[in-house]
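Written below as structure tokens is the structure these notes are about.
For the single chain, residues carry numbers from 1 onward in sequence order.
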Amino acid sequence: MGSASADAPLRVVVVTFSPGDTLAGFLDSLALATTRPYEVVLADNGSTDGVPERAARERPEVSLLRTGGNIGYGAAANAALAGHDSGYAIVANPDVRFEPGSVDELLAAAGRWPRAATLGPAIRTPEGAIYPSARELPSLSTGVGHAALGWVWPTNPWTARYRRERDELTERPAGWLSGSCLLVDLAAYASVGGFDPGYFMYFEDVDLARRMGQRGWLHVYVPTAVVTHEGGHATRRSARRMQRVHHTSALRYLSADWPRRRHAPLRAALRAGLGARMLLSYVSSRVDEGAQPQQTVDQLPHDHPDHPAPGHS
């Protein structure tokens with residue numbers, strides 16, 4: 001469990017790929033998000049805009065780690081966290097903006113949940129919706145139902161069960177949390193070897209949560225900590241490729257539960273279904289965008305929790 005000294009700098013890992021103006025906004029907001037000393041490591045996947053280099057040159061708390069190419073989100077985070085197996089770290093996208101005090105709120109929640117491997121904030125969109133970032137692990141039925149119907153019927157029972165948007169926005173365990181912004185217990189992270197680098201992008205956070213959960217760790221949603229996520233900053237530049245990667249990662253994750261030879265027909269059906277959805281996403285932005293968020297910032301809690309809920313052990 002993370003127990004590093006409060007005087008030790010908090011490691012903040014940002015995976016960058018030509019982040020443009022978003023990185024300055026991230027770093028400026030981070031300065032107001034915690035009273036704790038911190039160090040920022042830019043795990044750079046081959047930026048060509050010069051922004052990570054400039055940030056490392058101009059900001060003493062920022063260092064640059066070149067990964068050697070566009071190796072993917074999880075592999076870059078692994079490189080930046082190599083050799084760190086105690087305390088906590090933030091792993092985040094550069095297009096995140098922290099609300100004041102949000103990192104300290106995540107750290108406070110970590111104290112309330114000693115078995116939490118990851119803790120995630122409420123993620124609001126620039127339009128004021130709450131992105132459903134604290135979900136159940138997708139089973140075959142919920143995964144298929146959500147993928148097939150979420151984009152056309154956002155309130156369908158499979159999507160509702162998976163995304164838990166009918167739940168009140170309260171501090172609670174979840175199956176997995178969005179990797180766009182996470183507080184990570186480094187002992188838990190190291191115990192499973194970090195992210196699986198076989199996922200270039202998408203589902204690496206779902207897979208990490210599943211492997212940690214199998215070892216008895218928890219994943220805790222902390223909606224009293226709030227960030228804004230622009231989303232799609234890097235993926236818009238190669239949208240068609242990212243659509244393909246998303247569906248390939250979904251197939252990899254869902255197929256992992258059905259590895260035997262006798263499961264081959266099921267894996268083939270999954271491949272065909274996800275392939276059809278991918279082709280449809282090429283011609284319909286509604287399919288690509290998926291189910292739209294059903295909750296808004298008005299539903300966020302206004303008071304910080306004063307004590308742990310039952311079962312924090």
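For Leu218 against Trp113, the heavy-atom pair with the smallest separation is CD1-CE3, 4.0 Å. Among all heavy-atom pairs drawn from Tyr221 and Pro121, the shortest one is CE1-O, 3.5 Å. Residues Leu177 and Ala134 come closest through the heavy atom pair CD2-CB, 3.7 Å. Closest non-hydrogen pair, Pro126 versus His229, comes out as CD-O, 3.5 Å. Minimum heavy-atom separation, Thr67 to Ala43: CG2-C, 4.1 Å. Of all the heavy atoms in Pro293 and Ile130, the pair that sits closest is CB-O, 3.4 Å.
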Report task. Just do the side chain to side chain contact (heavy atoms under 4.5 Å, CB included) check on His146 and Arg135 with the steps written out, would you? Result -> CA-CA 12 Å; His146 170 65; Arg135 307 187 183 193; 4.1 Å; yes
Report task. Could you check Leu149 against Thr159 for side chain to side chain contact (heavy atoms under 4.5 Å, CB included), going step by step and ending with a plain yes or no? Result -> CA-CA 8 Å; Leu149 299 173; Thr159 295; 5.6 Å; no
Query - side chain to side chain contact (heavy atoms under 4.5 Å, CB included) assessment of Asp257 paired with Leu140 - result: CA-CA 9 Å; Asp257 285 332; Leu140 184 62; over 6 Å; no
Query raised in the report: Run the side chain to side chain contact (heavy atoms under 4.5 Å, CB included) check on Thr22 and Arg97 step by step: do they pass?
Result: CA-CA 9 Å; Thr22 65; Arg97 300 291 178 274; 3.8 Å; yes
Requested in this report: Please test Glu105 against Arg112 for salt bridge (Lys or Arg N to Asp or Glu O under 4.0 Å), starting from the C-alpha separation and ending with a verdict.
Outcome: CA-CA 11 Å; Glu105 184 63 22; Arg112 297 190 290 270; 3.6 Å; yes
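The cluster map of Ile, Leu, Val, Met, Phe, Trp and Tyr, joined by side-chain heavy atoms under 4.5 Å apart, puts Leu30 and Val222 in the same cluster. Cluster annotation: Phe17 and Leu65 are assigned to distinct hydrophobic clusters (Ile/Leu/Val/Met/Phe/Trp/Tyr, side-chain heavy-atom contacts under 4.5 Å, transitive). A continuous path of hydrophobic side-chain contacts links Tyr131 to Val96 [ILVMFWY only; heavy atoms under 4.5 Å]. Connection of Tyr199 to Leu251 is established within a shared hydrophobic cluster, with ILVMFWY side chains joined at heavy-atom distances below 4.5 Å, either directly or through further cluster members. In the hydrophobic clustering of ILVMFWY residues, with side-chain heavy atoms under 4.5 Å counting as a link, Leu274 and Trp258 come out together.
Looking at Val226 and Ser102, their side chains never come closer than 4.5 Å, going by heavy atoms from C-beta outward. With a 4.5 Å cut-off on side-chain heavy atoms, Asp167 and Arg172 count as touching. Looking at heavy atoms from C-beta onward, Ile71 lies out of side-chain contact with Pro197 at the 4.5 angstrom threshold.
In summary, of the residues considered (Phe195, Tyr88, Trp217), a ring pair (Phe, Tyr, Trp, His ring centres under 6.0 Å) with Tyr189 occurs for Phe195 alone. Between Asp196 and the options Arg210, Arg211, Arg252, a salt bridge (Lys or Arg N to Asp or Glu O under 4.0 Å) holds for only Arg252. Of the candidates Leu23, Leu27, Leu42, Leu23 is the only one forming a side-chain contact (heavy atoms from CB on, under 4.5 Å) with Pro94. When each of Val14, Val227, Asp21, Asp95 is checked for a side-chain contact (heavy atoms from CB on, under 4.5 Å) with Phe26, only Val14 meets the rule. Each of Leu106, Val184, Leu107, Leu182 was checked for a side-chain contact (heavy atoms from CB on, under 4.5 Å) with Ile90, and the lone residue meeting it is Leu106.
Using a distance-only test at 3.5 Å, with no hydrogens or angles considered, a donor-acceptor pair links the side chain of Arg11 to the main chain of Ala80. Looking only at distances, no side-chain donor or acceptor of Ser284 sits under 3.5 Å from a matching main-chain atom of Leu280. Of the possible donor and acceptor atoms, one in the side chain of His219 sits under 3.5 Å from a partner among the backbone N and O of Ala209. In this structure, the side chain of Ser249 engages the main chain of Val245 through a donor-acceptor pair within 3.5 Å. Looking only at distances, no side-chain donor or acceptor of Gln294 sits under 3.5 Å from a matching main-chain atom of Glu165. In this structure, the side chain of His263 engages the main chain of Arg260 through a donor-acceptor pair within 3.5 Å. Not one N or O on the side chain of Ser18 forms a donor-acceptor pair closer than 3.5 Å with the backbone of Ser47. Here the side chain of Arg277 pairs a donor or acceptor atom with the backbone of Ala147 at under 3.5 angstrom. Of the possible donor and acceptor atoms, one in the side chain of Asn45 sits under 3.5 Å from a partner among the backbone N and O of Gly72.
Interatomic distance, CH2 of Trp176 versus OH of Tyr162, reported as 4.5 Å (0.5 Å rounding). Taken to the nearest 0.5 Å, the CZ atom of Arg267 stands 10.5 Å off from the CZ atom of Arg262. Atoms CD and CZ, from Gln243 and Arg240 in turn, are 6.0 Å apart once rounded to the nearest 0.5 Å. Put simply, CD on Glu99 and OG1 on Thr228 are 5.5 Å apart, with the number rounded to the nearest 0.5 Å. Cys181 SG to Leu119 CG: the interatomic distance, rounded to the nearest 0.5 Å, is 11.0 Å. From Arg244, atom CZ reaches atom OH of Tyr202 across 11.5 Å, with rounding to the nearest 0.5 Å.
Arg59 and Asp28 are joined by a salt bridge, as a carboxylate oxygen and a charged side-chain nitrogen come within less than 4.0 angstrom of each other.
Side-chain contact check for Thr170 and Glu168: no donor-acceptor pair (N or O, by modelled atom type) lies under 3.5 Å. Tyr73 and Asp205 are not linked by any side-chain donor-acceptor pair at a separation below 3.5 angstrom, with hydrogens and angles left out of the test. Side-chain atoms of Asn93 and Ser180 form no donor-acceptor pair, as typed in the model, at a separation below 3.5 Å.
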